[in-house]
*Asks:* 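If you scroll down you'll find the structure; I have some questions about it.
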Amino acid sequence: MTSLLPVFRSLPLHLVQLSLSAVLKCGQSFRWTILPGASQDDTEYWLCLRDRVVCLRQSSNTLFYRAVYPDPQPAPTQKALRDAETLVWLNDYFQLDIDLAALYDEWTTRDPIFAKIKSRFQGIRILRQDPWENLVSFICSSKNNIVRITKMVQALCTHYSPPLVSFPGEDTAYHPFPPPSALAEPGVSATLRSLGFGYRADFIQRTAKMLVDAHPQTVLVHNHAEASEKWLMGLRDRSTREAREELLKFVGVGRKVADCVLLMSLDKKEVVPVDTHVHQIAVKHYGLKSASASGGKKVAMTPKLYEDVNSKLFNVWGEYAGWAHSVGGMQPESESFFQFLTSFPFQVLFTADLKSFASYGLPTPSGSSTPSIPSRAVDPIVLLPTPPMTPIPPQLKRPHDDTAIDMLKKFDDDFGVTSLAERVKRRRRSA
DNA sequence: CTCCGACCTGCG
DNA sequence: GCAGGTCGGA
């Protein structure tokens, strides 16, 4: 089994430019499989594309990549081509031509609030995702949380797209994201409801049908993008306003979802999607005038308010405001911040790997400021073992000491909030 | 054009 | 009873 996995190739890339542990679980893409290793840089991230499963691993200064195919024994020339393709995909998906360090510098200059939090959240960048997958994923996101969205997207793939690769002795096969035509059939809606999609089931089926009807398939080529997917991709070349207008025609797609898609798959880097938490952050940290006097409790997100928040943050952060929001949105008020803190890889860090916090762009425990980088990061490509597919040990699922709570208190102090430590305690008690 | 309730499911 | 939203009718 292990022998079927190709060796890793390496790409020089500093953690400042990309932090997989932060980016792949922060609510942009919901389809990455996390295979935890003994330590953080043994962790692997797997994503099933149309024709291959991409596997990534990261050390402080290197990104490691390989891909697994349905046909594991290609001709040598084919093999080289595949590696080249994977590298091209990586560059595109992570937008590695964009210098994130330079952007952080610019946001630091423009925004003292950003300057204060940036060291904790290094390497957070916007992915350049597939528009169709992105659209469906965010239709799922309304009134929802990351964990459940992840389950829904996974269910979508296993039920509506044939497995691309599977491994003997493992129960999980890897499925690509299903094409629009697979979700456009009338029966899909009922099936998705039975899978727990709730009211989003109808949105997804109807959106898929609208797309397929408007851009019918003339020729079906296996593993290739359908006409409607290409049309969606073409929105990258339209203006932000035009592209948004098109997206808003779909059911289940309001301003927030449309803006997420514009930012995360249609190259509209200046767009800041506004949710209730981003709104709160804009009021608290960026002096947005609160609509409801001093109370500031629950204000309905009207189109006008949306525009106010949106343009306010654009003015603060500038041309790459949407990218800045993915970092600035990681403030203690934000739900994504909380989910990020309590999500799996983070919790293992809390308990198992405190010394290397800084290397993951995460808060360093007071006292230690030196990120300890494992020395074998120099040449781990062939030597690294295949990551274990064992489930997460139960004792690692929750912090077993109070270190995590202490760190959260430090966050609370720094930001003048009192919620995080309490919320984690509550959550732990109920677990 | 703004306001308001309903909508699935899951978790506190 | 409410959640990172959207729809449709008043």
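Just so we're on the same page: letters track the sequence lines, and every chain starts at 1.
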*Asks:* Nearest of B:dC7, B:dT9, C:dG4 to any side-chain atom of A:Y199?
*Replies:* B:dC7

*Asks:* Nearest to the side chain of A:V257, heavy atoms from C-beta on, is which of B:dC3, C:dT6, C:dG4?
*Replies:* C:dT6

*Asks:* Is the gap between the ring centers of A:Y286 and A:W317 under 6.0 Å?
*Replies:* yes

*Asks:* For atom P, what is the distance between B:dC4 and C:dC2, given to the nearest Å?
*Replies:* 16 Å

*Asks:* With heavy atoms under 4.0 Å as the rule, sort A:R255 into base, sugar-phosphate or nothing.
*Replies:* sugar-phosphate

*Asks:* Could you tell me whether A:E185 and A:K209 have a side-chain N and a carboxylate O separated by less than 4.0 Å?
*Replies:* no

*Asks:* Both distances under 3.5 Å, Watson-Crick or G-U wobble: on that basis, could you give the dot-bracket string for DNA chain C, with [ ] for crossing pairs and | for other-strand partners?
*Replies:* |||.||||||

*Asks:* Between B:dC8 and C:dG9, how far apart are the P atoms? Round to whole Å, please.
*Replies:* 15 Å

*Asks:* Out of curiosity, A:S19 OG to A:H14 NE2, how far, rounded to the nearest 0.5 Å?
*Replies:* 11.5 Å

*Asks:* Categorize A:R193 for me: base, sugar-phosphate, or nothing, with a 4.0 angstrom heavy-atom threshold over every strand shown.
*Replies:* sugar-phosphate

*Asks:* Which part of the nucleic acid does A:F138 contact within heavy-atom distance under 4.0 Å: base, sugar-phosphate only, or nothing?
*Replies:* nothing

*Asks:* Please state the P separation for the pair C:dG4 and B:dT2 - nearest whole angstrom.
*Replies:* 24 Å

*Asks:* What nucleic acid atoms does A:S141 come within less than 4.0 Å of, heavy atoms only: base, sugar-phosphate, or nothing?
*Replies:* nothing

*Asks:* If you measure from the Lys or Arg side-chain nitrogens to the Asp or Glu carboxylate oxygens, is any gap between A:K312 and A:D308 under 4.0 Å?
*Replies:* no

*Asks:* Starting from P on C:dC7, measure out to CZ on A:R200 and report it in whole angstrom.
*Replies:* 13 Å

*Asks:* Among the nucleotides B:dC3, C:dG4, B:dC8, which one has an atom lying closest to any side-chain atom of A:K143?
*Replies:* B:dC8

*Asks:* Judged by atom type as modelled, is there a donor-acceptor pair below 3.5 Å linking the side chain of A:Q58 to the main-chain atoms of A:L20?
*Replies:* yes

*Asks:* Take A:S265 and A:R128 through the side-chain hydrogen bond (donor to acceptor under 3.5 Å, both in side chains) test and state the conclusion after the steps.
*Replies:* CA-CA 5 Å; A:S265 62; A:R128 190 175 196 231; over 6 Å; no

*Asks:* Rounded to whole Å, how long is the line connecting atom CG of A:D275 with atom P of C:dG5?
*Replies:* 6 Å

*Asks:* Quick one: label A:K256 by what it contacts on the DNA or RNA (base, sugar-phosphate, nothing), any heavy atom closer than 4.0 Å.
*Replies:* sugar-phosphate

*Asks:* Could you state the atom-to-atom distance from CE of A:M152 to P of B:dT9 in whole Å?
*Replies:* 10 Å

*Asks:* Is the side chain of A:Q95 donor-acceptor paired with the backbone N or O of A:D92 at a distance under 3.5 Å, no angle test?
*Replies:* no

